Amino acid sequence: MIFGRNRNVKTETVVLPEELQDPRDEPATEPEAEATGPFDIAGRPEADGYLDLGSLRIPVVKDMKVRLDLEDTTKRLIGVTLQLGQSSLQVQAFAAPRAGGIWDEIRAEILESVTVTEGAQVGEQEGQFGTEVVARIPAKMPDGSPGWRVARFVGVDGPRWFLRGVIGGEAAFKADAVGPVNELFSRIVVRRGDDPHPPRELLPLTPPENMRPVRQPGQAGQAGESVETGSAAPAGAPQPTGRSEAPAIVDPRQRPPERGPEVTEVR
């Protein structure tokens with residue numbers, strides 16, 4: 001039989017010389033996926049295109065507004081709030097232990113603290129940065145009608161640091177507004193430093209040069225006074241604002257204060 005099985009046939013693999021090989025015959029390789037942050041300073045040491053605030057480097061984004069939040073009693077910087085369109089992102093960096101992260105513990109504390117608010121709704125969902133918390137707290141709209149304060153809490157554990165973000169405005173409840181704010185959070189760089197800090201202690205923030213306090217009517221006596229950076233900010237840096245549009249600062253060891261994210265939705 002012409003097509004019969006011949007048990008005496010042997011096969012041999014031949015490797016062509018390099019000069020006879022065709023590059024098109026090489027197996028295709030998948031491109032390496034670009035790393036996503038937030039990042040540690042060791043992996044992103046370059047400072048170009050960032051607003052340097054000491055423990056945090058904030059990427060410069062067109063039309064973004066920056067508010068530095070001050071503790072009213074001590075006047076120390078305790079956070080930075082970024083306004084992007086109709087969404088806000090407040091970020092704070094904390095010290096963390098060498099072994100293990102703290103986001104699981106903090107997330108549980110946020111869930112417990114929001115639950116005690118009458119009528120509040122809180123739960124977990126999976127997002128770009130892992131498990132996040134979504135909280136809806138009853139509030140009144142400016143016209144007196146019922147509404148909600150909505151916030152997303154995201155957290156990332158890094159090497160001896162923890163970065164927490166509180167997202168308010170449209171990015172807290174509109175799917176088409178999530179992308180730009182997530183992208184902004186993912187590009188933040190954390191500088192932990194070598195100084196000793198107990199777990200959950202805020203990492204120190206350094207204000208830009210020529211900052212000046214900004215108070216809006218009715219803000220006197222409130223925590224979270226804002227500051228503006230002056231002309232010495234890096235070229236192309238986002239313009240800061242003194243408006244209090246972001247979610248309230250929440251220490252991970254404490255329940256959220258009564259003043260929360262701005263009313264963003266009515267149903």
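Computed from a prediction, not measured in an experiment: that's the story for all the values here.
One distance of note links CD of Gln86 with CG of Leu84; it measures 10.0 Å at 0.5 Å rounding. Within the model, atoms CZ of Arg76 and CG of Asp69 stand 12.0 Å from one another, a figure rounded to the nearest 0.5 Å. Between atom CD of residue Gln128 and atom OG of residue Ser186 there is a gap of 5.5 Å, rounded to the nearest 0.5 Å. The distance from the CZ atom of Phe94 to the CZ atom of Arg164 is 5.0 Å, given to the nearest 0.5 Å.
When all heavy atoms of Ser88 and Gly169 are compared, the pair lying nearest together is OG-N, 4.4 Å. Contact detail for Trp161 and Val156: the closest heavy-atom pair is CZ3-O, 3.8 Å. The nearest pair of heavy atoms linking Ala95 to Arg192 is CB-NE, 4.3 Å. Nearest heavy-atom pair across Ala171 and Val178 is O-CG2, 3.6 Å.
Using a cutoff of 4.0 Å between basic side-chain nitrogens and carboxylate oxygens, Arg57 and Glu46 are not scored as salt-bridged. Between Lys75 and Asp72 a salt bridge is recorded (basic side-chain N to carboxylate O distance below 4.0 Å).
Contact annotation: the side chain of Leu184 approaches that of Leu89 to within less than 4.5 Å [non-hydrogen atoms, C-beta and beyond]. Ile78 has its side chain out of reach of Leu205: every pair of non-hydrogen atoms, C-beta onward, lies at least 4.5 Å apart. The side-chain heavy atoms of Leu56 and Ile188, taken from C-beta on, include a pair separated by under 4.5 Å. By the 4.5 Å heavy-atom criterion applied to side chains, Val61 and Arg187 are counted as neighbours. Side-chain contact between Leu68 and Thr81: absent, with no pair of heavy atoms (C-beta onward) separated by less than 4.5 Å. Counting heavy atoms from C-beta on, the side chains of Tyr50 and Val60 never come closer than 4.5 Å. Within the 4.5 Å cutoff, the side chain of Arg67 has no heavy atoms near those of the Val80 side chain. Annotation: side chain of His197 is in contact with side chain of Pro204 (closest heavy-atom distance under 4.5 Å).
Between Trp103 and Phe162, a ring centre-to-centre spacing shorter than 6.0 Å is recorded.
Phe129 meets the ring-ring contact (aromatic ring centres under 6.0 Å, His included) test with Phe185; sequence neighbours excluded. Listed by chain and number, the residues in a side chain to side chain contact (heavy atoms under 4.5 Å, CB included) with Gln125 are Glu132, Val134, Arg152 (sequence neighbours excluded). Looking at residues two or more places apart in sequence or on another chain, you find no side-chain hydrogen bond (donor to acceptor under 3.5 Å, both in side chains) involving Thr206. Partners of Arg107 according to the side-chain hydrogen bond (donor to acceptor under 3.5 Å, both in side chains) rule, which considers only residues two or more places apart in sequence or in another chain, are Asp104, Glu124. Under the side-chain hydrogen bond (donor to acceptor under 3.5 Å, both in side chains) criterion, Glu118 pairs with no residue at all, not counting sequence neighbours.
Side chain of Ser145 to main chain of Met141: no donor-acceptor pair is present (N/O by atom type, distance under 3.5 Å, no hydrogens or angles).
With a 6.0 Å radius and a threshold of 12 heavy atoms from other residues, nucleotides or ligands, Gln121 has its CD atom above the threshold.
Residue pairs meeting the salt bridge (charged side-chain N to carboxylate O under 4.0 Å, His left out) criterion with at least one member in residues 82-96, sequence neighbours excluded, do not occur.
When each of Ile106, Val166, Val122 is paired with Phe153, the side chain to side chain contact (heavy atoms under 4.5 Å, CB included) condition holds for Val166 and for no other.
Side-chain contact, Thr74 with Glu71: a donor N or O sits under 3.5 Å from an acceptor N or O.
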What do the steps show when you test Arg191 against Asp52 for salt bridge (Lys or Arg N to Asp or Glu O under 4.0 Å), and what is the final call?
CA-CA 10 Å; Arg191 183 196 285 123; Asp52 194 338; 3.3 Å; yes
Can you check side chain to side chain contact (heavy atoms under 4.5 Å, CB included) on Leu77 and Leu202, steps first, answer last?
CA-CA 10 Å; Leu77 287 176; Leu202 272 169; over 6 Å; no
